[in-house]
Amino acid sequence: MKAVAIDGPAGAGKSTIAKQAAERLGYIYVDTGALYRAIGLYVSQRGADPAGEEEVAPLLKDIRLELVLTEEGQRVLLNGEDVSRRIRTPEAALNASRVAALPAVRAFLLELQRGIAERSPVIMDGRDIGTVVLPEAEVKIFLTAAPEERARRRLLEHQQRGEQADYQTLLEEIKARDHADSTRAIAPLRQAEDAVLLDTTHLTPEEAIQAVLNLVKRGG
Ligand code: DC
């Protein structure tokens with residue numbers, strides 16, 4: 001299986017780096033966080049509690065998720081509708097974090113994620129790719145950065161989209177999400193034993209991409 005697993009906390013640069021590395025390697029990039037976000041969006045649209053397993057589990061059968069590559073980059077389709085922008089709000093992030101703690105949701109996405117990796121060479125990013133989803137991945141990377149640096153990067157992203165955002169609020173959100181993601185009972189965020197730690201706090205995106213490509217070249 002040609003697969004690169006990149007895990008790590010929010011804002012460590014996973015998506016930017018994984019996307020670029022995938023393009024250069026000719027692999028498919030899979031943003032698994034986007035899948036959790038789309039489920040969170042669907043659940044909240046249906047008026048269900050994103051933290052309630054009994055409410056969420058029966059809705060999963062009505063969800064069809066697709067990742068499609070267009071001229072504008074990768075888009076997330078939820079039941080055929082492009083929700084790529086709507087899943088990027090702070091509220092969507094919070095709902096994603098809640099549904100991500102539910103066993104039914106994780107089982108649902110496990111199948112989808114493994115199916116994609118069976119069909120094509122992938123760079124998949126998330127929280128549990130090296131530990132749970134693709135334990136056989138050839139290369140596993142745990143990508144991280146200091147919380148302050150991650151908040152600064154998120155702030156820049158918001159500003160570039162012309163959105164209002166506050167550094168302190170973003171920093172608190174990041175810390176809260178790190179905590180929720182690493183302490184949940186099922187598939188918590190943690191470094192796989194055979195993953196390479198890549199700290200991007202003092203790296204430019206290009207330096208981090210090169211580090212990933214070098215790891216792939218030497219096979220992990
Ligand atoms: O990477 P992100 O911010 O788009 O992820 C959204 C949420 O989904 C985040 O709270 C963690 C969760 N997630 C997860 O539990 N497992 C993954 N493989 C990917 C994301």
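Indexing begins at 1, ligand by ligand and atom by atom, following the structure's order.
The residue Arg154 has no part lying near ligand 1, judged by heavy-atom distances below 4.0 Å. Contacts between Ala100 and ligand 1 below 4.0 angstrom, taking non-hydrogen atoms only, involve the side chain exclusively.
Selection from Ala5, Pro9, Gly33, Ala180 by nearest heavy atom to atom 20 (C) of ligand 1 gives Gly33. Closest heavy-atom approach to atom 6 (C) of ligand 1 within the set Arg106, Arg177, Arg184, Gln113: this belongs to Arg177.
The shortest distance between side-chain heavy atoms of Arg153 and Thr200 falls below 4.5 Å.
Applying the salt bridge (Lys or Arg N to Asp or Glu O under 4.0 Å) test to every pair with at least one member in residues 2-30, sequence neighbours left out, gives these pairs: Arg24-Glu206.
Remark: Leu171 CG is packed, more than 12 non-hydrogen atoms of other residues, nucleotides or ligands lying under 6.0 Å away. Surrounding CD of Glu157 are more than 12 heavy atoms belonging to other residues, nucleotides or ligands, all under 6.0 Å away.
What sits closest to atom 4 (O) of ligand 1 on the protein, heavy atoms only, is Arg37 NE, 2.6 Å. Here the heavy atom of the protein found nearest to atom 11 (C) of ligand 1 is Asp181 OD2, 3.4 Å. The protein atom (non-hydrogen) at minimum distance from atom 7 (C) of ligand 1 is Ala96 CB, 3.7 Å. The protein heavy-atom contact nearest to atom 1 (O) of ligand 1 is Arg127 NH1, 2.9 Å. Summary of contacts: the protein heavy atom closest to atom 8 (O) of ligand 1 is Tyr36 CB, 3.6 Å. Given atom 19 (C) of ligand 1, the protein heavy atom at minimum distance is Thr32 OG1, 3.3 Å.
We find the CD1-CD1 distance between Ile129 and Ile6 to be 10.5 Å, quoted to the nearest 0.5 Å.
In summary, the atoms of ligand 1 found under 4.0 Å from a heavy atom of Gly126, numbered by their order in the structure, are 17 (C), 18 (N), 19 (C).
For Thr16, the side-chain contact (heavy atoms from CB on, under 4.5 Å) test picks out no residue, with sequence neighbours left out.
One finds no salt bridge joining Glu118 and Arg114 here, because no Lys/Arg side-chain nitrogen approaches an Asp/Glu carboxylate oxygen to under 4.0 Å.
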